[in-house]
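A short worksheet on the structure shown next.
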2 protein chains.
Amino acid sequence: MVQAKLTPELLHIIAERFKAIGEPARLQILNTLRDGERTVTELVEETGLGQGNVSKHLQLLHTLGFVTRRKDGLHVYYAIADRSVFKLCDIMCGRLEAETSARRRVLAAR
Amino acid sequence: MVQAKLTPELLHIIAERFKAIGEPARLQILNTLRDGERTVTELVEETGLGQGNVSKHLQLLHTLGFVTRRKDGLHVYYAIADRSVFKLCDIMCGRLEAETSARRRVLAAR
DNA sequence: CCGACATATGACTGTATGGCAATATAGTGA
DNA sequence: TCACTATATTGCCATACAGTCATATGTCGG
């Protein structure tokens, strides 16, 4: 949150996007797309999620700008729209590691 | 998501934390804490949220490591635990701006 | 001890949402 | 046109959760 004016509307928009990636299935989909675009069927196979479920998640991810979508005949390809989403995840993982380290230090001090 | 092994468990833990900040009220609380620790009452006044509501959100934010908590007599002070949460928000805002710019470019090309 | 104050917590309600099953829709080739 | 395939969509159900209200709990000072 840059020191810009935080209107309730902006808070809502930001929160909405965090909520989108606050779902394991959607994170899994994004991670699967990490090394290249995929069709829905491929995502279904690689994630083990149901087809209808994947489709629903993709719709939301597309609507909120997390993935791009292109159609080629029968096939629809989805890909990561902006790789900064992985930066978000990296930061969150870093926090987790820092927390874990802090916990280990507490235990070691006993 | 660093190229580390992404177990379902890790996905869940990461998602849980994104979900925590995927709620406008909690973002508002974090933003209010941005320039210094506050008591619950101060947060209630400054956010306009209900006391019970604020308390509940704080409990979750504390449990997930977003805020620290210290007690001083009658008062409990909450503060930001790790300022990287604002880095998360900055990145998300940056994405929004990029999206908005891209949209303006599309419109201008008409 | 009691009253005031600050905070946490429990119960309830209404709304949102993930996952599933079924079906609709779109595209292709024979 | 029809059958097949890929994908999107709809409706339903169970669960999660935000917000509210009331109450419980802890602290302090007279």
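Note that the structure is predicted; figures quoted are calculated from it, not measured. Computation of the quantities below employed the complete heavy-atom set of this structure, encompassing side-chain atoms and omitting hydrogens, waters and symmetry-equivalent molecules. In what follows, every chain begins at residue 1, and chains take the letters A, B, ... in the order their sequences are listed.
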Salt-bridge present (B:Arg95, B:Glu99; N to O < 4.0 Å): no
Looking at D:dT7, C:dT7, D:dG26, which one has an atom nearest to any side-chain atom of A:His75? D:dT7
Between OG1 of B:Thr39 and CZ of B:Arg70, what distance do you get to the nearest 0.5 Å? 10.5 Å
Closest listed nucleotide, where the reference is the side chain of A:Glu23 and the choices are C:dG19, C:dT7, D:dA8: C:dG19
Which of residues 61-73 of chain A have a heavy atom under 4.0 Å from DNA chain C? A:Lys71, A:Gly73
Residue-level proximity of residues 46-59 of chain A to DNA chain C when a heavy atom falls under 4.0 Å: A:Asn53, A:Lys56, A:His57
Once you round it to whole Å, what is the distance between C1' of C:dC5 and CG of B:Leu74? 6 Å
Does A:Gly36 offer a backbone N or O that forms a donor-acceptor pair with the side chain of A:Arg38 under 3.5 Å? yes
If you assign each of A:Thr39 and A:Lys19 to its closest nucleotide in DNA chain D, which residue comes earlier from the 5' end? A:Thr39
If we ignore hydrogens and angles and just use 3.5 Å, is the side chain of B:Arg26 paired with the main-chain N or O of B:His57 as donor and acceptor? no
Heavy-atom closest pair, residues B:Ala20 and B:Phe66: CB-CE1, 3.8 Å
Between D:dA18 atom P and A:Leu11 atom CG, what is the distance in whole Å? 15 Å
For atom CD of B:Glu16 and atom C1' of D:dA16, their distance in whole Å: 13 Å
Shortest non-hydrogen contact between B:Gln28 and A:Leu11, atoms and distance: CB-CD1, 3.9 Å
Show, in sequence, the C-alpha distance, side-chain angles and deciding distance for A:Val54 and A:Thr41, and conclude whether the side chain to side chain contact (heavy atoms under 4.5 Å, CB included) test is met. CA-CA 9 Å; A:Val54 166; A:Thr41 302; over 6 Å; no
Look at the rings of B:His62 and B:Tyr78 and say which category their plane angle falls in: under 30° parallel, 30 to 60° tilted, over 60° perpendicular. perpendicular
Residue B:Thr41, side-chain heavy atoms: nucleotide from D:dT5, C:dA6, D:dC17 that is nearest: C:dA6
Non-hydrogen atoms of A:Ile21 and A:Val85 that approach each other most closely: CG2-CG2, 4.4 Å
Select base, sugar-phosphate, or nothing to describe what A:Tyr78 touches, counting heavy atoms under 4.0 Å on all strands. sugar-phosphate
